Amino acid sequence: MTRPASAPWAPDTVVVAAGRPPHAVDQPVNPPIVLSSTFHSLGAPGAGEKVYGRFTNPTWDPLEETIATLEGCELPALAYASGMAAVAAALSLLPAGGTIVIPAHAYNGSLSLVTELQGTLGLEVRHVDLADTEAAVAAFAGADMAWLESPTNPMLEVADLPVLLAAARAAGVLSVVDNTFSTPLRQRPLAQGADVVVHSATKYMGGHSDVVLGAVVTGNPGLRNRLHTMRTLHGAIPGPFEAWLTLRGIRTMALRLDRAEANAMELAVRLSSHPAVSRVRYPGLPTDPGHERAAAQLDGFGAILCIEVEGGAAAADAMLARLELWTPATSLGGVESLAERRRRHQGEPGTVPENLVRLSVGIENIEDLHADLVAALGVGG
Ligand SMILES: Cc1ncc(COP(=O)(O)O)c(C=O)c1O
């Protein structure tokens with residue numbers, strides 16, 4: 001696999017150049033897809049042979065190496081069948097009867113799974129406002145795991161990640177960061193002291209809303225071995241085609257994110273003065289409560305913004321139904337712009353405003369994106 005011989009590559013080179021076959025005559029430029037459920041094998045399983053398609057697949061290797069390189073991790077990432085499979089794998093590191101600290105506004109799938117596990121594993125669950133560093137640190141006392149997400153989905157609260165990660169380590173609490181929103185191009189939690197990073201690669205890594213895949217990254221060999229064993233036994237593995245598509249998506253992630261982020265910033269500014277929008281949440285806005293932290297900690301403000309539509313849930317739903325360019329759909333991180341009222345999901349916390357519409361800003365022309373939103377909002381601006 002290609003690696004820099006001398007100086008490390010910049011992240012926007014890594015996305016393009018990592019995980020390719022070696023430079024040698026007749027080698028393909030792209031890693032091949034290996035469609036095989038089993039491999040010629042004579043030795044004892046575990047002795048370095050591939051053996052079986054649930055244990056390994058060569059198509060995973062370049063993807064796992066590229067994600068690890070992006071996250072600044074020496075050990076390969078572990079790819080999973082979905083972001084939730086990756087979340088579940090990280091949560092499986094919790095002991096029965098353990099205590100988890102989790103943001104009140106984390107991704108609702110993660111929150112729902114933790115609630116399920118609360119019953120089956122007898123967990124103590126401590127929900128915190130992650131923007132309130134003091135309260136979050138206080139909640140770490142006696143906990144087993146700190147589940148961190150910043151900016152949070154969908155409220156876009158920004159945590160003081162370096163401080164929280166240092167406090168978790170000092171308290172002996174295993175820290176897990178869901179880095180889906182920021183991507184390793186904007187935030188590298190392992191370098192800030194996180195034990196484990198999880199991703200829904202379905203989002204910015206895949207980037208085209210055509211693949212569902214997840215990843216876990218950890219530089220701790222013991223934790224990685226446990227996760228690897230559990231992935232093999234649980235069977236939450238990605239298909240080779242999904243792994244290949246995700247790496248193909250990663251090739252353009254830096255370009256896509258730059259463009260989507262510029263669009264998001266411009267929309268946040270323009271929508272802030274729109275009469276049908278009562279509030280814009282976007283850490284890039286100087287008036288946003290998370291702005292200072294985000295400016296200090298992130299290499300960019302991301303491409304998700306939320307608006308609160310005047311007139312409540314009904315007005316927000318009517319706005320979504322009038323969109324022509326934006327697609328009313330869940331998910332995020334694709335080239336196409338998506339909009340969704342998050343409270344339509346039962347699992348969404350009740351503290352998320354009913355009229356909050358999450359905008360996953362894509363890479364279309366900014367004027368077209370803006371015009372479509374303005375037309376759908378139905379009031380001049
Ligand atoms: C922050 C975050 N984490 C995890 C997930 C779950 O990922 P997947 O849908 O790939 O299972 C999502 C999905 O929306 C997400 O937004």
Side-chain angles (χ1 to χ4, degrees), residues 63 67 71 77-92 100 102-117 130 147-159 161 176-187 189 194 196-217 231 234-239 241-243 245-246 249-250 253 257 260 281 283 298 302-306 327-334 336 338-349 352 356-361:
L63 172 67
I67 294 175
E71 287 288 0
L78 289 162
Y80 287 84
S82 66
M84 278 311 295
V87 167
L91 288 172
S92 77
I100 182 171
I102 187 164
H105 297 133
Y107 167 57
N108 69 34
S110 308
L111 285 170
S112 300
L113 180 54
V114 165
T115 304
E116 291 290 327
L117 295 175
L130 217 56
W147 190 270
L148 306 170
E149 202 182 283
S150 178
T152 58
N153 180 4
M155 297 286 266
L156 301 176
E157 295 131 335
V158 182
L161 220 47
V176 182
V177 177
D178 185 332
N179 204 23
T180 300
F181 265 38
S182 294
T183 86
L185 296 176
R186 298 294 181 257
Q187 175 166 266
V196 178
V197 167
V198 300
H199 279 284
S200 169
T202 311
K203 316 301 183 193
Y204 289 102
M205 289 190 184
H208 296 75
S209 304
D210 53 10
V211 63
V212 174
L213 189 137
V216 176
V217 197
R231 182 182 68 174
H234 283 167
I237 54 161
F241 187 54
E242 282 74 10
L245 262 186
T246 304
I250 286 175
M253 182 164 65
L257 194 57
R281 295 172 190 263
L298 302 173
I304 308 290
L305 68 113
C306 293
T327 304
T330 196
S331 201
L332 56 108
E336 74 294 329
L338 304 180
E340 184 186 36
R341 189 173 71 80
R342 289 299 289 173
R343 281 291 298 281
R344 78 191 177 108
H345 295 285
Q346 270 204 335
E348 201 66 28
V352 172
L356 180 143
V357 173
R358 188 183 70 190
L359 302 176
S360 170
V361 182

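In this chain, numbering begins with 1 at the start of the sequence shown. Counting convention: from 1, in listed order, for ligands and their atoms alike. In this text, all values refer to a predicted model and were calculated from it rather than measured experimentally.
Taking every heavy atom of both residues into account, Phe181 and Thr152 meet most closely at CE2-O, 4.0 Å.
Close N/O approach between Phe181 and ligand 1 is not found [any backbone or side-chain N/O within under 3.5 Å]. In terms of polar-atom proximity, Met84 is counted as a contact of ligand 1, with an N or O under 3.5 Å from an N or O of the ligand. Backbone and side-chain nitrogen or oxygen atoms of Ser110 are examined, and none is located within less than 3.5 angstrom of a nitrogen or oxygen of ligand 1. Considering backbone and side-chain N/O of Glu149, none are found under 3.5 Å from N/O of ligand 1.
Judged purely by atom type and a 3.5 angstrom limit, His208 uses its side chain to pair as donor or acceptor with the backbone of Gly206. A donor-acceptor pair under 3.5 Å links the side-chain atoms of Asn179 to the main chain of Gln187, judged by distance alone. Distance alone, capped at 3.5 Å, places no donor-acceptor pair between the Glu71 side chain and the Val197 backbone. Side-chain atoms of Ser200 never come within 3.5 Å of backbone atoms of Thr180 as a donor-acceptor pair (strictly under, hydrogens ignored).
Salt bridge annotation for Glu340-Arg358: present, with a cationic side-chain nitrogen under 4.0 angstrom from a carboxylate oxygen.
For atom 6 (C) of ligand 1, the nearest protein heavy atom (residue, atom name, distance) is Tyr107 CE2, 3.5 Å. Residue, atom and distance of the protein heavy atom nearest to atom 9 (O) of ligand 1 are Lys203 NZ, 3.9 Å. The protein heavy-atom contact nearest to atom 10 (O) of ligand 1 is Thr202 OG1, 2.6 Å. Nearest to atom 16 (O) of ligand 1 among the protein's heavy atoms is Asn153 ND2, 3.1 Å.
A donor and an acceptor atom, one from each side chain of Ser209 and Glu336, are located under 3.5 Å apart.
Each of the atoms 1 (C), 2 (C), 3 (N), 4 (C) of ligand 1 lies under 4.0 Å from some heavy atom of Asp178.
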